[in-house]
A.B. asks: 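Pasting in a structure now, in structure tokens, and then I'll have a few things to ask.
Residue numbering restarts at 1 for every chain, and letters A, B, ... go by the order of the sequence lines.
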Amino acid sequence: MKPITWFNLFVATILTAAVLCPPEAQAQLPGRFYWRTLTDSDAVPLIFNSISGNTNPFSPDHMIVSTANIDANVAIASYAHTFSLFDRSAAALVLVPMGNVSGDVTVAGKSLHQATNGYGDPMVEFNMNIIGPSAQDNLAKAMRYEPGFSVDVLVDLALPIGQYNSNQALNLGQNRWYGRLGAPINVQIGPWVPGRRTTLEFLPAVWIFGKNNDLVGQTLKTDPMFQLDAHLTRDFTEHFWGSIDGQYYSHGKNTINGVSADGPSIKAYGFTLGYQINENINLTAGYKSTLNNDNSPGNLRMDSFMFTLVFGWNKLVEGARRLSGAN
Amino acid sequence: MNIFGYLLMWFGAVAGHKKKAQVLLTGIVAVVLGTPVLAQTPAKRPNIVMILGDDLGFADMGSFGSEIKTPNLDSLAKDGVRFTNFYTRASCSPTRSVVLSGVDTHKNGLGNMSEWTSPNQKGVVGYEGFLSKQMVTLPQLLKGAGYHTYMVGKWHLGKQPDLIPAARGFERDFSLLDGLSSYWDMSNLAAMAPKTVFTEDGKYLTKLPDDYYATKTYTDKLIGFIDANHHDGKPFFAYVAHQAPHDPYHLPKEWRSRHVGEYDKGWDAVRQQRLKRQIELGIMPAGTELADRMWFIPDPIVLAAQARAITGKKMEMYAGMVENLDFHVGRLIDHLKQIGEYENTIFIVFGDNGAEGADLFKMVAGTPGTLNFLSAAINWSQTHPGAWGDPGSYVAYGPMWAQVSMTPFSQYKGWLAEGGIHNALIVSGPAVKRARGSINGGLMDVIDFMPTLLEIAGASYPKTYEGRALPSLAGKSWVKVLAGQAESPRTEQDYLGWELFGNRAVRQGEWKLRWQYESFGKGKWELFNLGKDPGERKDLAAERPDKVKTLLALWDDYVLTNNVILPDRSPYEVLKDTQPPRVPVDAGYPQMIYDRQFVPPKEMMSDPKP
């Protein structure tokens, strides 16, 4: 293997940031994201992540380079529509990542800087409740809704049409198909009353990746990755809530041109605060970090800030409000 | 009581029960042989358990046509007799005062509720707002006759030390002195009286027991009272004045979801179902027509699913309250069976007035800026349906469901239409010789409890008590009715009279004359034939002036006999100004809001031509 190729490969492995836009970035959603609501509702979630660390936060292998500094700003604009399928709550989403990623790494006294920006691979998502209350297809059911113990199925598929430059290690698109199978689980603890709601939420999922046949001239294969997100959420008031968040990733092997490397496991912890500004707008802000953030060699360091703004509406609710206002 | 009295009572105690043939035979043999068996072991006089459901409606028990599941109360009906022409007063403390004194409200201190005593009634004897100390009470007389006397539940007849249950004849008590309270704690609605007051055995409580829930705790306490004295063999009188199902509908979680969605069909449909069952059961005669839905209540058919669900959920909560009450009554029944006292216990079950259709929360705490509002904002603002039943929630089901509880009658608590004063009554136990599960239509009144129970207990009503001259009893004993020797304690000439909040009525036979404030009334006398029209749908005053005249004379007699002073202020004095104008309720009118999508014949449908 030519040195430059090796170096490119190495950098590519580190900075795939981009490459990778974003399975993890897209996976990082706040607690309560998969709560069920009235069917035939629409929502536009806007998710902003600012991530930095000594590894590429988006890379499937998360190889640690103590001298690396990676910064990524990723926004995900989405559109979601809820509906009823076989009397179960269901939702379809389209997520479009965008943003910029830059990274510096020093290897053998040689520094490399790469940066990119644009759109990542858009993702379509379908989720549907399979255990729990039936669909909230009218206001009466919505009024009586309590999640109790509910389990959804979640299917994501990313379309490899995002920004990708095969001559550069750093890209926003992945140049391969990938997707996720998950099962959001919501456990209601105590009463389902605004101001007093408590939930324990889990998102176990498996990410599956296709091949990237042109990663700086190399072929990248990634074994499935296991994800487990956990949130303990609690209302503080009717409109203000918070959560303690935990995240665990167990990465599969990355193989580049037949050379394999085990991916690390990542454990991160954080918190989120959420506020319902009005009937249409929800805002959350959160922070998450790996536990040990010193610079000792081999120690993975990564932290992220996340902000989400979800604007939702339902034509029935909107119409009723117009009529009430008129009266 | 002499030996013959005991003999009669003993026969009464055993008749109608499972082992009656064997025991009766033994008794007969003993009498025939002249053996003084009974003199040696006189039959124990019956225990008396009086179960009062606060605001429980006429049609709320299964045995009176309800879909609400009340197997334990129904078991008493099955063992005893149901009365379908039983009257109370229109509100709680007046009824309770009559239960315990046997004297009309205008003489016993509850001529008006203390909360609404009018300026011209203040200081007048009979209008004290608490059970007058001039009265002797049923427990005082029963205690004097050798009974243990217990009370649990709501008192509402005075809070001063000389007015509380222990001072009025109850040997043991666990009592809520106020008219309403949280079921979970001592929370009250009023900001200036934020804690409700309880007594236990004559002491004011500083706190409630751990694990307190009103209906459960009252039952636990009563069982404890009974057990504590069971060894001495004396009979007991238990006044079980449950708080349930009075609002707020506080309810353990496991009782809240027993009727989910069942009431989304709306109040009209449930009323029709209840009336159908009442006719099938024989509670109401065939051909009975429902009272009109009150004019300010919408036809549920035109309501959206959400509106029907939210109002239906209130009724779900109410049904849960009644079923929880029934459950705890069942615990009491089971306990009496376990200790061998059930067969010798007379049960009396009734509601104290019509079901509650008014919005008490709004009346007390509904004005922003007031102390009560601000207090309620902190303590009573759990308004989300998911919080209903929890501490801090205040749910009541409103006039639409109150009319359901009072099927087939018109109106509800506080008023003198049948829906305010006509309630269900079950009597079971040794005094009842009628066929088990039978139904009787005799004209009964809550004022009859005192003479009836004294007679059953072998006691009498004195002319004086502790040096005080007592007013005479106004009620009629039911002993002959219970024994099947009469169909009613009243003759066709006897009448009943009512006055509360300025509304007034008299009933003689099947005729009732009624005056009520507008818009529930007409502000003038109305005449109804309750035999043909229990729903008071048709005012016959213009057609039958002779009846009006006759009943007016009875009203005058009632006023004179009982010193009725019509209040110069009333909670209803401006009611008509706050309600939509009263209009007739005609099914399906106006057609405009009932019209459905027109669907043309398929063969005549086509796309537009190009």
A.B. asks: Between B:Asp264 and A:Arg144, is any pair of side-chain heavy atoms under 4.5 Å apart?
C.D. replies: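 SC-SC contact between B:Asp264 and A:Arg144 confirmed.
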A.B. asks: Are there over 12 heavy-atom neighbours, none belonging to A:Phe311, within less than 6.0 Å of that residue's CZ?
C.D. replies: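 Buried by this count: over 12 neighbours within 6.0 Å.
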A.B. asks: Please report the shortest heavy-atom distance between A:Ala140 and B:Ala309, naming the atom on each side.
C.D. replies: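 The answer is CB-CB, 3.3 Å.
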A.B. asks: Is it the case that more than 12 heavy atoms not belonging to B:Lys216 sit under 6.0 Å from its NZ atom?
C.D. replies: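 Atom NZ in B:Lys216 is crowded, with more than 12 foreign heavy atoms closer than 6.0 Å.
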A.B. asks: Looking only at heavy atoms, which two atoms of B:Asp390 and A:Pro191 are closest? And how far apart?
C.D. replies: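 Closest approach of B:Asp390 to A:Pro191: OD2-CB, 4.4 Å.
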A.B. asks: Heavy-atom count check: over 12 atoms from other residues, nucleotides or ligands less than 6.0 Å from B:Lys576 NZ?
C.D. replies: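 At most 12 heavy atoms, drawn from other residues, nucleotides or ligands, come within 6.0 Å of this atom.
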A.B. asks: To the nearest 0.5 angstrom, please state how far the CG atom of A:Leu139 sits from the CZ atom of B:Arg308.
C.D. replies: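 Between atom CG of A:Leu139 and atom CZ of B:Arg308 there are 13.0 Å.
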A.B. asks: If you count heavy atoms of other groups shown closer than 6.0 angstrom to CD1 of A:Ile244, is the number above 12?
C.D. replies: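 12 or below, so no.
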A.B. asks: Could you tell me whether the side chain of A:Arg196 reaches within less than 4.5 Å of the side chain of B:Gln382, counting heavy atoms only?
C.D. replies: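 Yes, side chains in contact.
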A.B. asks: Got more than 12 heavy atoms from elsewhere within 6.0 Å of CG, B:Leu371?
C.D. replies: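 Counting neighbours around CG of B:Leu371, 12 or fewer heavy atoms of other residues, nucleotides or ligands fall under 6.0 Å, so no.
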A.B. asks: Can you name the residues of residues 310-328 of chain B that have some heavy atom under 4.5 Å away from a heavy atom in chain A?
C.D. replies: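 The stretch touches chain A at B:Ile310, B:Lys313, B:Glu316.
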A.B. asks: Which pair of non-hydrogen atoms, one from B:Pro385 and one from A:Met143, has the smallest distance, and what is that distance?
C.D. replies: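 For B:Pro385 versus A:Met143, the nearest heavy atoms are CG-CG, 3.9 Å.
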